[in-house]
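Working notes, beginning with the structure itself.
Below, all heavy atoms of this structure are taken into account, side chains as well, without hydrogens, waters or symmetry copies. Convention: sequence-line order gives letters A, B, ...; per-chain numbering from 1.
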Amino acid sequence: MPNDTPQTRGPFVIEANDLTKIYGSGETSVEALSHVTVAVERGKIIAVMGPSGSGKSTLLSLLGGLERPTGGQVLLEGVDLASLNDTDRTVMRRRSLGFVFQAFNLISVLTAIENVALPLELDGISSSLAKQRATIALEQVGLQHRKDHFPAMMSGGEQQRVAIARALVIEPALILADEPTGNLDSSSGKKILQLLRSLVSERGETIVMVTHDAEIGRQADRVIRMCDGKLVEVGSGPHKTDLANARRSAAGTGDTSDPDSPEAHPQ
Amino acid sequence: MSTWAIPRREILRHPGRTLLTWLSVVIGVTSVMAVGLSTRSARQAYTNMYETITGRAALEIVGAGGTKLDAALRDVVSQQPGVQAAVPVIQRNVVMYAEKGRAKLIALGIDTALDAAVRDYELVSGEPLSPRSGLLLDASLAESLEIKVGDRIKLLVRRGLVESTVKGLVRPRSGAGVAGGGTVLIPLAVAQSYFGAPKQLDRIQMILTEDADPRSVRLALEKSLPTGAEVREPATRGSLAQETMRGLENGLLLSTAFSLLAAIFIITNTFSMSVGQRRHELAVMRAVGATQSQIRQMILREAFLLGAAGTAAGVACGLVCANLLNNMIGNLLQTDLPTVQLRLLPVASAIAFGFGASLLSAWLPASRAARLDPVEGMSGSQRSDIEALPWQMVAAGFAGTLISIGMFIATLLGIFTFEYGVAALVLLLISAVLLLPLTLKPLTWLGEWCLRRLNPVESRMARRQLLRHGGRTMLTLGVLFIAVATGLGQASSLMDNVADIRHWYQTAIVGDFFVRATMPDMETGLSAAVPETVGEEIENIPGVLKIASLRFLAIEVNGQKAMLVTEDTVFAKASSPTESLLTSGPVDPSPPTVILGSVLAKRLGVQADDSVELLTRIGPQQLPVSRVQNDYLSGGMTVYMQRPLAERFFDVEGVDAYIVRAEHSQIADVKDALAEISLRNGMMLQSYADLTTLIEGMMSGVVGSLWALLTLALLVASFGVFNMLAMNVLEQTRELGLLRAVGMTSRQVRLMVLSQAILLGIVGIIPGIVAGIAMSYLMNLATFPALGHQVEFTLSPWLVLAVAAAAFALVILASWLPASRAARIQPALSLRYE
């Protein structure tokens, strides 16, 4: 089991070092992600963009501990996800990571409040306490009045807000969102984006979001562009040198001169 | 909360699937409970009867081969050192007539002064028995027939109908005490007079002093006993009755085993489908933090809830069916068994099965669900078939086939008992299911080839769809295969067994009429005697060609309990044939021989021309066996002997029944005359037609319930096919919409789904028919150790065609709704389907 408290609390919520993912083996193997190094600072919204098959979703899965990398490591608040077994990784996920999916992915037989309370109950929190916290999370996304509705009785935008509440309820270190507006009309998409933005600005949440939408990219603190499984560009936001410096300061060396550090270079 | 809420809501969300699983549990639990309770009840009834009769006796003296004991022997025995009390008893079956009805009873002639030492009765009302008159009646029986103290009742005994006064009502302090309808206690001297046995006893029961060693007392007694008398520990269970029940129990065991197997397959199938259907949601749960163990527990909780609901209904149904079966067993044993009592072990076994089978069947799907990769599960692409059967199962199928064949051969050779034969058949079926994947590709290809001329595109796509979901297809095929194989196998074997029984009574019983008081008790051979004068009266009826008398006696052959059936020609006109009216063959009084029932011959390992040792009143006697006869009387544990010969060896007195053959032209007149005699003497008259109706009636109960089982099995299988096709259509919504968009008509879509059903039918039903025929043959073979002869295997083409047609019809019917749904899919909507 991972420790309940992070081993270190540096400027980065999550760091991916030299991350590689290969599917299959032999001649049929496909390298979905190739030597990617990236770090995510607290309280920022990061957009991951790129064409289909560029490795965006694979990166998100590896950052979320949904899959094990073929090579490299993922440090979530100092804990290497790749070194954990399935159960420990799952527990880490439900305590520290919130997911928001394009297809909402709510459990159809559970009501809104039950869907939101689910990760807490899975973690052994009592049903009544879980529901109290779920109610608060639903209030934050403006859906308290829909708490007893099943997913099929709600609009797409509402379902996505329930999914966001489910991600929020665990007070996650990081929210991973995979095309959260992809299945919504433009009006609902805007509202969801505003909600995510407000979570970052008002609550200090950290969000990594995969998207095709250039508008979302413009609103992000930083944009990571990917192509063919590689990081090709790190856009606005912390400069690569800033990033390296921050890592050094976290390590306590104080040395800020390392312009050729490979970490922030797109591979 | 959610961990219970999800299983509960999933159950309610899919009523069809839930019903199918629930029904499987119900059928299994019902079978286990009904068979367990009814057979235990019958066994317990016989044990109780023995306890009532033997009471607290430590030893008893009886006459070998039904020999009566001299009453003076009691005084000798009571003088023996170590014997505290020697209690004389005479025991017969009688028929009692009261105002409210007739009942078959065990009459115990007892010494009123001594009997309390052995039997512990409580006098509920009235007064104790006096030595010279009256009788004591079992209180519960008296209550059911509304008999009160002081009432006069009639008893049919050897002297004819006698009247007596009920002095008191008793209830045994220990044990149920009543079997075969109840007990009546009569003073010893009165009983000796009623039963034509003056100064004679059937047994002397002994209570020993506290310091006595039963073995030394027994040895000492053996030295002082006359020939033909033996000292033994009282029998406490009815071994002969249990032998009689064994055949029926084996049949029920086989049916239960098959229904359990079908239940487990169906539950596994539905849970696998359920997991497949919920793949996406399960993956989401894994993503948001559910561990593998939590997912497994969630599926198992669903199985637990369904198991609980199925078990509750199954226990209730089981209780009802147990009473029906109890009546059937009572008919078979020719006795009124007490009502089925709820007993812990059968109920606990049924409950354990209900929960155990549900959880066990759901374990594999639950484990697969737990291992589901969250990313793959949510992506909808690169779908590995989590319902698939791993290749190890095919290997297990080969291993299981070899093991089951070995077990079956060992059973046939007598190395293993019949239960192992049943287990071998069940294992063989499971193995066949595991090997079905090998037939999937070639048989679906064959099916596609057949359908290609009619609908080339639809049949090709239908086959691809089945192969794409190999695991799900295999599980559905497994259910269809098991239903067809067990249904056809049991039905065919049942028809062969019915034909065998029919052949037996048609050839073995050739009389036109039967006059009797009661059928003999299967355990003791005792029956209520026919009054002595009846034989003469029948002889004087014009039109009677031949009369044979029957007498039954419990004896020992080569140390094995058996029923001696003696036949004697009382009267025969010169023109009458000299053949036996009971055994198929001529009467052959010399040299002295016996005919053995097939089951007894098999148990003893004896064939025609061998010799057997009979324990007689003049000591052990070797007699040659003239032939072995297929027999269902007394479970085939019979020895047939002509009466003059039997009288040399055994104490054969009185008559239990008469068989009468009449002139064909005067049958109606003879029947009227016999009816008058029977009515006057309180006896039963049965014509050959009555008897065959009785036997057919007894068989029809079993046959009817097994046909119902077959129908149910096919219905349940069609539910499975419906479920699978419905899921396939749901998953193909996008593909079907695409096909509609590129020009496939709704009729073609419907045809494609129907083609899937037809292919499923071909792959499931054809091997099922082959396996069913093999099962039937093997089941008939397996009857050899139990019946002593092999029931002839006859393949009925009509039965095969009927089962195949019914199965195909149900499969097509089950596919109709999913096919209609598929045909209604709107291209535009389905292309947006998630």
>> I'd like to check the side-chain hydrogen bond (donor to acceptor under 3.5 Å, both in side chains) partners of A/D185; sequence neighbours left out, ordered by chain and number.
In response: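 With neighbours one apart ignored, the set is A/S188.
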I'd like to know if the side chain of [X] and the backbone of [Y] have a donor-acceptor N/O pair within less than 3.5 Å.
{"X": "B/R463", "Y": "B/K441", "result": "yes"}
{"X": "A/T70", "Y": "A/I22", "result": "yes"}
{"X": "A/K56", "Y": "A/G50", "result": "yes"}
{"X": "A/R68", "Y": "A/A82", "result": "yes"}

>> Distance check, rounded to the nearest 0.5 Å: B/S367 atom OG versus B/I295 atom CD1?
In response: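 The OG atom of B/S367 sits 12.0 Å away from the CD1 atom of B/I295.
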What part of [X] is in contact with chain B, defined as an atom under 4.5 angstrom from a non-hydrogen atom: side chain, backbone, both or neither?
{"X": "A/F150", "result": "side chain"}
{"X": "A/D86", "result": "side chain"}
{"X": "A/T58", "result": "neither"}

> Going by atom types only, do B/Q756 and B/S815 share a side-chain donor-acceptor pair under 3.5 Å?
Replying inline: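 Not at all, the side chains of B/Q756 and B/S815 share no donor-acceptor pair under 3.5 Å.
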> If you tally heavy-atom pairs under 4.5 Å against chain B, which of A/I107, A/L106, A/D123 wins?
Replying inline: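 It is A/I107.
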>> I need the contact set between residues 153-177 of chain A and chain B: heavy-atom distance under 4.5 Å, sorted by residue number.
In response: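 Within residues 153-177 of chain A, near chain B: A/R166.
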> Is atom CZ of B/F304 surrounded by more than 12 heavy atoms (other residues, nucleotides or ligands) closer than 6.0 Å?
Replying inline: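 No - once you tally the heavy atoms of other residues, nucleotides and ligands closer than 6.0 Å, there are 12 at most.
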